[in-house]
Amino acid sequence: ETGVTQSPTHLIKTRGQQVTLRCSSQSGHNTVSWYQQALGQGPQFIFQYYREEENGRGNFPPRFSGLQFPNYSSELNVNALELDDSALYLCASSRSRRDNSPLHFGNGTRLTVT
Amino acid sequence: QKEVEQNSGPLSVPEGAIASLNCTYSDRGSQSFFWYRQYSGKSPELIMFIYSNGDKEDGRFTAQLNKASQYVSLLIRDSQPSDSATYLCAVKGSSGSARQLTFGSGTQLTVLP
């Protein structure tokens, strides 16, 4: 069984640039969630995708956007990068958006904005 | 008030001791509760989940849930230096179609050899 995979592992961008992060969900999982984890903090919910549609969003501005594809993989796009966007970005998949099944996280993408 | 609160620590225990990690949550309708372990620079790894009041044991780990008190805890018996990590409490919300996980800020545990 293939777990959640994310790419790239590390990324350095300049303020104002745009970035795209990618995630492949675990086999059999149709729901993908994205989290941002700043240093010393717990992960913060960005949004969730189910059947290619956004299915809930946390307190993040519209410059954070995403996509989910028919194979359940997903992208997180961030426009107009700010220094505070520097964080570990985590993708997690789950069997269903409705049940109580746990989230399984990928290894994350470490984004540094200079 | 933060939705999920944990003592940030650091919590230090000697090898072989019991480590006790605590978490409170504000959403009274929450139904599912998770403990994740996160090593420095790595992603969170699921340790335990609990849905019903009481205790749930898995090896050296015991999760305890008290919904009336809105309290969940994790006990680690016979603590090992390899248990040194940040432990994240996460609660799945009761409302909205997303029912996303809300995390506490984590408790940093150090097990001293």
Side-chain angles (χ1 to χ4, degrees), chain A residues 3-7 9-10 21 23-24 26 29-51 53-60 66 68 87-112, chain B residues 2-10 21 23-25 27 29-52 56 58 61 63 65 67 72 74 85-108:
Chain A
V4 180
T5 58
Q6 292 186 243
S7 63
T9 54
H10 294 84
L21 311 181
C23 171
S24 294
Q26 185 168 324
H29 289 189
N30 60 20
T31 303
V32 172
S33 302
W34 286 91
Y35 286 79
Q36 180 196 65
Q37 187 176 24
L39 205 60
Q41 301 296 317
Q44 298 292 312
F45 175 69
I46 302 175
F47 43 54
Q48 182 184 81
Y49 275 84
Y50 171 71
R51 289 190 175 180
E53 291 193 359
E54 188 178 289
N55 181 48
R57 188 178 184 92
N59 189 26
F60 280 82
Q68 186 181 32
L88 179 66
Y89 287 84
L90 297 162
C91 171
S93 70
S94 56
R95 281 200 321 266
S96 165
R97 62 175 177 152
R98 294 192 182 279
D99 69 11
N100 290 320
S101 59
L103 294 184
H104 297 271
F105 286 90
N107 288 329
T109 294
R110 173 73 63 186
L111 173 65
T112 302
Chain B
K2 290 179 95 173
E3 295 179 44
V4 178
E5 292 211 47
Q6 298 180 252
N7 290 330
S8 60
L21 306 162
C23 173
T24 58
Y25 59 94
D27 182 352
S30 297
Q31 296 295 318
S32 46
F33 308 86
F34 305 85
W35 283 99
Y36 286 82
R37 176 176 63 198
Q38 187 172 28
Y39 292 112
S40 181
K42 303 296 184 182
S43 64
E45 170 193 11
L46 180 70
I47 302 175
M48 296 275 300
F49 55 90
I50 186 167
Y51 304 146
S52 304
K56 178 182 179 182
D58 183 0
F61 299 96
L65 174 62
K67 290 186 179 179
V72 59
L74 179 71
T86 296
Y87 288 80
L88 296 164
C89 172
V91 176
K92 189 169 273 194
S94 61
S95 62
S97 59
R99 297 180 66 227
Q100 71 273 11
L101 274 187
T102 300
F103 284 83
S105 56
T107 297
Q108 185 179 343

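We name chains A, B, ... by the order of the sequence lines, and we start the count at 1 in each one.
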**Request:** For residues A/P43 and B/L88, report the shortest heavy-atom separation together with the two atoms involved.
**Result:** CD-CD1, 3.9 Å
**Complete:** Honestly, the part of A/Q6 sitting under 4.5 Å from a heavy atom of chain B is neither
**Message:** Once side-chain contact (heavy atoms from CB on, under 4.5 Å) is applied, do any residues pair with A/Q68, and if so which ones, sequence neighbours excluded?
**Reply:** A/V32, A/Y49, A/Y72
**Message:** To the closest 0.5 Å, what do you measure between NE2 (A/H104) and OG (B/S43)?
**Reply:** 12.0 Å
**Request:** Rounded to the nearest 0.5 Å, what's the gap from CG on A/L103 to OH on B/Y36? Could you check?
**Result:** 4.5 Å
**Complete:** For B/L46 and A/P102, the nearest pair of non-hydrogen atoms, with its separation, is CD2-CB, 3.4 Å
**Request:** Verify side chain to side chain contact (heavy atoms under 4.5 Å, CB included) between B/L101 and A/Y35, making sure each step is shown before the conclusion.
**Result:** CA-CA 10 Å; B/L101 274 187; A/Y35 286 79; 3.2 Å; yes
**Fill in**
Applied to residues 37-47 of chain A, the salt bridge (charged side-chain N to carboxylate O under 4.0 Å, His left out) test, sequence neighbours excluded, yields none
**Asked** So B/F103 and A/F45, ring-ring contact (aromatic ring centres under 6.0 Å, His included) or not? Walk me through it.
**Response** CA-CA 9 Å; B/F103 284 83; A/F45 175 69; over 10 Å; no
**Request:** Quick one: closest heavy-atom pair of A/L88 and B/Q38, and the distance?
**Result:** CD2-NE2, 4.1 Å
**Request:** State the OG-NZ distance between A/S94 and B/K92, to the nearest 0.5 angstrom.
**Result:** 5.5 Å
